[in-house]
Amino acid sequence: MAKPVLLVVMDGVGFSKTGLGDAVTLANTPTLDWLLKNCPTTRLKAHGDAVGLPSDDDMGNSEVGHNALGCGQIYSQGAKLVNESIESGKMYGSEAWTEIIANCKDNGSTLHFIGLLSDGNVHSNIAHLFKMLEQAKAEGVKKARVHVLLDGRDVPATSAPIYIGQLEEFLAKLNDADFDGKIASGGGRMKVTMDRYQADWGMVELGWKTHVKGEGRQFASASEAIETYRAEIDGVIDQDLPAFVIAENGEPVGKIQDKDSVILYNFRGDRAIEISMAFDNDDFTQFDRGAKPDVCFAGMLQYDGDLKLPARFLVNPPEITNTLSEVLVAAGLNQYAVSETQKYGHVTYFWNGNKSEKFSEELETFNEIPSDKVSFDERPWMKSAEITDDVIEAIKSKKYDFIRCNFPNGDMVGHTGSLDATIVGVESVDLGLARLMKVCDEYGVTLLVTADHGNADEMLEKNKKGDVQVRTAHSLNPVPFIIYDKDVAYTIKDGNYGLANVAPTVVKMFGLTAPDCWEDSMI
């Protein structure tokens, strides 16, 4: 019998190239330091083409990272997938796009766009919005409204005015006697609309009231809203800006009404699912929507293939098959996956190829530890102790062959921009690793340690003027892969590896044969 394997994903922990705001190095991490010095280790590419994104200028993210970790292959993802569909014209020939446009033309109604306004290429890309606005006008749509969610997380923390300026300038050029396009509402992504894993339905309800009902504090423009909130709230960054509604003569310029069409242009699924449920589900009960407008709604992608959500979508998602979970289930091996709410879907849904359902109810066990509903810089240890406790119990049960867990601290605390808090978060994960090593020794478990992308390793950056500023986005840095086993002397082969090489390595440890479509094992 092969030994059990524990895979620990230290979310957002990479190797800094610049040394700027490197919370990983600044943290006291005796366990990680020892592992890197004394164990077989290599550095994995976790961005760009290694995870199916368009270019090496594109930072990785937790979703594509866990897809790659969980399937041993590289699929075209997110922006790349949408880029290909737009460039080929395939998206504009889709049934969903045809219905969206026809609905507006037949009813003389408004086409609404909701999404993250940036070029971060993690949840969305402003270029996709521009392309769709141009195409909608060319196909005869007369009126469009944009509901902007401000980023400051995958792009510089206070860069919203840049993107608002680009959109305002684009609409000004597009507008004429036959077309009327305006920004209608908005707010920071961590305050409005973009909740995930049903952690805070209040965010989604606020988004519904803001975008659909046109309820909220009114401003003459999005630029005015940002400037006003910056003046009123000391140190506020884009992702935390309150909701706003654009109005003329006291009336919202873009409420969503019966017979309108709505496109949610985010391509990443986790923070798009809940607002899609609010638009798509007739039996929705998470909050009172009031009189729900009868609209034609589509997502950029289908965000959950098992839930068929949304029913209408513009671009087909990658059809991920031959995942690690499928291989292990076929071999009759028991699996256990755990994290807290913020990353629970990453070790389950994304890990299993964007599928909510298990491949085997008997052989797969998932456990979600509820996250605290506080700002992560206020409690940077998050649920690291509870996750560690849970994994230890899973090991001691001797039931599971493969256990995987995710410690979200490096990513979620890193996104707050607080270097001091992120150092504490990284140290909390290191304490968990120390405890896990002892139990792995006692119960004969092979421990693998890696990450899905960088973040905590680069929390400061230089702007174009050479000034150092806070960075809240993921980094382009490589991440660790470490093998710890007190009984077996593993050797990592020379090579250039990425996240997709982890699954083949796990399969080889179990003595199983990897699918032909997989990347190579590292051992």
Student: Testing H453, Q342, H474 one by one against S62 for a side chain to side chain donor-acceptor pair (under 3.5 Å), which residue passes?
Tutor: H453
Student: side-chain contact (heavy atoms from CB on, under 4.5 Å) for L26 and T422? Distances and angles first, verdict last.
Tutor: CA-CA 10 Å; L26 292 171; T422 306; over 6 Å; no
Student: If you measure from NZ on K486 to CG on L447, what distance do you get to the nearest 0.5 Å?
Tutor: 13.5 Å
Student: On a heavy-atom basis, which atom in V9 and which in D452 lie closest, and how many Å separate them?
Tutor: CG1-N, 3.9 Å
Student: Is it the case that the side chains of Q239 and T472 hold a donor-acceptor pair, with the cut-off being a distance below 3.5 Å and no angle test?
Tutor: no
Student: When you measure from the side chain of R404 to the backbone of V347, do you find a donor-acceptor pair of N or O atoms at a distance under 3.5 Å?
Tutor: yes
Student: Report yes or no: does N409 contribute a side-chain atom to a donor-acceptor pair with the main-chain N or O of V426 at less than 3.5 Å?
Tutor: no
Student: What is the distance from atom CG of L81 to atom CE of M300, rounded to the nearest 0.5 Å?
Tutor: 10.0 Å
Student: CZ of F284 to CZ of R289: how many Å apart, nearest 0.5 Å?
Tutor: 6.0 Å
Student: Check whether W97 reaches the backbone of M132 with its side chain - one donor and one acceptor, N or O, closer than 3.5 Å.
Tutor: no
Student: Under 3.5 Å, side chain of T29 to main-chain N/O of L32, donor-acceptor pair present?
Tutor: no
Student: Is a side-chain donor or acceptor of E340 paired with a backbone partner of K383 at a separation under 3.5 angstrom?
Tutor: yes
Student: Can you tell me how far the CE atom of M194 sits from the NE2 atom of H123, to the nearest 0.5 Å?
Tutor: 4.5 Å
Student: Less than 3.5 Å apart, any donor N or O on the side chain of D377 or S418 sitting next to an acceptor on the other?
Tutor: no
Student: Between D56 and K45, is the closest basic N to carboxylate O distance under 4.0 Å?
Tutor: yes
Student: Do D154 and R189 sit within salt-bridge range, that is, some charged N less than 4.0 Å from a carboxylate O?
Tutor: yes
Student: Strictly distance-based, threshold 3.5 Å: is any side-chain N or O of Q73 a donor or acceptor partner for the main-chain N or O of C71?
Tutor: yes
Student: What residue among F350, Y349, F267 forms side chain to side chain contact (heavy atoms under 4.5 Å, CB included) with E63?
Tutor: F350
Student: Provide the closest heavy-atom pair for Q469 versus P156 in the form atom of the first, atom of the second, distance.
Tutor: NE2-CB, 4.1 Å
Student: Is any side-chain N of the basic residue among D457 and K17 closer than 4.0 Å to the acidic one's carboxylate O?
Tutor: no
Student: Checking N477 against H47: is there a side-chain donor and acceptor pair closer than 3.5 Å?
Tutor: no
Student: Where the side chain of K343 meets the backbone of M412, is there a donor-acceptor pair that is under 3.5 Å apart?
Tutor: no
Student: Side chains of S375 and E378: any donor to acceptor distance under 3.5 Å?
Tutor: no
Student: With no hydrogens and no angle check, do the side chains of N406 and H66 hold a donor and an acceptor under 3.5 Å apart?
Tutor: yes
Student: Can you tell me how far apart OG (S521) and NZ (K508) are? Round to the nearest 0.5 Å.
Tutor: 5.0 Å
Student: Are any side-chain N or O atoms of E364 and backbone N or O atoms of F359, one a donor and one an acceptor, separated by less than 3.5 Å?
Tutor: yes
Student: Does K3 come within less than 4.0 Å of D487, counting only side-chain N to carboxylate O?
Tutor: yes
Student: Hey, is the main chain of F376 close enough, under 3.5 Å, to the side chain of T416 for a donor-acceptor pair?
Tutor: no
Student: So, are K493 and D520 salt-bridged, with charged N and O less than 4.0 Å apart?
Tutor: no
Student: Measuring from I273:CD1 to N266:CG, what's the distance to the nearest 0.5 Å?
Tutor: 12.0 Å
